[in-house]
Amino acid sequence: MPHTHDTASLHSPHRQAGHPLMELDDYCFAYDDAPVLRHITLDINAGDSVVLMGDNGSGKSTLLKAIVGLVHPQRGTYRFDGEVVDEASMRDALFSKRLHARVGFVFQDSDAQLFCPSVTDEIAFGPRQMGLSADEVERRVDDTLELLGIQALRSRAPWTLSGGEKKRVAIACVLSMNPDALCFDEPLAGLDAKTQAWLLSFLKQLKTTGKTLVIATHDQSLADEVADFFVYMGEFHGYEDRPHVHVNT
């Protein structure tokens, strides 16, 4: 006999007390009057591992951009750790810097994220922007290179790297900020099987350390391995007997 869950438990997967780390309330966003996110209401608690699923164009990438403060609502609100994130708050340089230190974004296309002359400079860029001391920046670069297993790449120019190497460097750039939360847009796309296996294992490792993960993916195996609950964008995909939230966009 299949397992069953009551509706309330499916739509309230959180385990921790207090306000959520990320709160979207009736969040609406449109590009040039074309609605992309419609009335999104979603809470994500610290330590949650959330997988966004849905067809291309359903708004998954835009929702990630909303979470990291790259787009802002025309209606509704978004709060990170209780603070409103909108166009006005992001004009405050200190607020913006603090948000980007606490929630990182790994783009689907690593080339869109890498722009410095060397891997070391890429990884050091964020900590330097935070105003950390030279010694602390160097420590973070060394620790992150070791964590990602890319010490041999430290003097390489990013444009000379393979796709898998670029993905590791892009992740290293985010981790050097030691964020509370990480957003990944289609993290396995375009990678060979060996790199996909490594990255899946690494995402599971991040989850065990208590990092908050928000991942947009079409890969069901990735979703099943890391998700605490799913957020379905657009048409409901019919999954049953799993903690989930269904978002109509």
Side-chain angles (χ1 to χ4, degrees), residues 5 7-14 20-80 85-86 99 103-109 112-113 174 181-191 196 199-200 203-204 206-207 211-249:
H5 299 289
T7 302
S9 70
L10 288 174
H11 290 263
S12 303
H14 302 307
L21 183 64
M22 304 167 183
E23 302 171 86
L24 295 102
D25 183 13
D26 197 33
Y27 191 107
C28 300
F29 176 79
Y31 288 113
D32 298 326
D33 298 324
V36 180
L37 300 175
R38 295 187 180 99
H39 309 291
I40 304 297
T41 296
L42 173 67
D43 291 348
I44 299 172
N45 278 11
D48 278 343
S49 183
V50 182
V51 170
L52 313 181
M53 303 195 75
D55 294 334
N56 288 334
S58 63
K60 301 188 302 298
S61 296
T62 304
L63 182 53
L64 292 180
K65 291 177 181 178
I67 287 171
V68 299
L70 296 180
V71 300
H72 311 296
Q74 284 98 18
R75 171 177 171 173
T77 58
Y78 167 51
R79 288 179 171 83
F80 184 87
V85 180
D86 58 15
L99 178 70
V103 56
F105 188 16
V106 179
F107 290 74
Q108 178 177 346
D109 180 6
Q113 194 166 346
V174 171
L182 296 97
C183 297
F184 292 85
D185 193 3
E186 295 291 353
L188 302 186
L191 301 178
Q196 287 187 354
L199 183 50
L200 176 56
L203 290 172
K204 292 165 69 175
L206 288 175
K207 178 179 178 178
K211 295 292 187 183
T212 304
L213 303 178
V214 187
I215 303 169
T217 186
H218 286 100
D219 191 294
Q220 189 63 52
S221 61
L222 166 62
D224 289 340
E225 288 278 358
V226 303
D228 292 326
F229 66 97
F230 298 89
V231 174
Y232 293 98
M233 306 293 292
E235 182 180 356
F236 183 50
H237 287 249
Y239 290 95
E240 297 178 354
D241 195 26
R242 303 179 188 202
H244 67 272
V245 174
H246 175 209
V247 175
N248 286 308
T249 59

Inset, instruction - Apply side chain to side chain contact (heavy atoms under 4.5 Å, CB included) to the pair F230 and D224, showing each step before the final yes or no. - result: CA-CA 9 Å; F230 298 89; D224 289 340; 3.9 Å; yes
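Minimum heavy-atom separation, C183 to V68: SG-CG1, 4.0 Å. Taking every heavy atom of both residues into account, G59 and V36 meet most closely at CA-CG1, 4.0 Å. Nearest heavy-atom pair, S61 versus D185, reported as atom, atom and distance to 0.1 Å: OG-OD2, 2.7 Å. Annotation for D43 and L24: closest pair OD1-N, 4.5 Å, computed over non-hydrogen atoms. A pairwise comparison of heavy atoms in K60 and G54 identifies NZ-O, 2.9 Å as the closest pair. The two atoms that bring Q74 and A30 nearest to each other are OE1-N, 2.7 Å, heavy atoms only.
Within the model, atoms OH of Y27 and OG1 of T77 stand 10.0 Å from one another, a figure rounded to the nearest 0.5 Å. Summarising the geometry, atom CG belonging to L182 is positioned 11.5 Å from atom CG belonging to L64; distances are rounded to the nearest 0.5 Å. Atoms CG and CD, on D109 and E186 in that order, are 12.5 Å from each other to the nearest 0.5 Å. L206 CG to S49 OG: the interatomic distance, rounded to the nearest 0.5 Å, is 9.5 Å. Taken from CD in E23 to CG in N45, the straight-line distance is 9.0 Å, to the nearest 0.5 Å. Remark: L222 CG to T217 OG1 distance equals 4.5 Å, nearest 0.5 Å.
We find that K207 and D228 are joined by a salt bridge, their nearest charged nitrogen and carboxylate oxygen being less than 4.0 Å apart.
A 4.5 Å side-chain heavy-atom check between M22 and V50 finds every atom pair outside the cut-off. The closest side-chain heavy-atom distance from I67 to V103 is below 4.5 Å. Side-chain contact between R79 and D25 is absent, with no heavy atoms from C-beta onward closer than 4.5 Å. Between P187 and V106, the closest side-chain pair of non-hydrogen atoms is not below 4.5 Å. Proximity of F184 to V51: side-chain heavy atoms (C-beta onward) are nowhere separated by under 4.5 Å. Looking at V231 and M233, their side chains come closer than 4.5 Å, going by heavy atoms from C-beta outward.
The main-chain N or O of K204 is never found under 3.5 Å from a side-chain atom of E225 such that the two would form a donor-acceptor pair. The backbone N or O of L191 lies less than 3.5 Å from a partner atom in the side chain of Q196, making a donor-acceptor pair. A donor-acceptor pair under 3.5 Å is absent between the side-chain atoms of Y78 and the main chain of H72, judged by distance alone.
Pairs of residues two or more places apart, or lying in two chains, that qualify as salt bridge (Lys or Arg N to Asp or Glu O under 4.0 Å) and include a residue from residues 63-78 are D26-R75.
Using a 30° and 60° split on the angle between ring planes, Y31 and F29 fall in the perpendicular class, above 60°.
Residues forming a side chain to side chain contact (heavy atoms under 4.5 Å, CB included) with S221 (at least two apart in sequence, or on another chain): D219.
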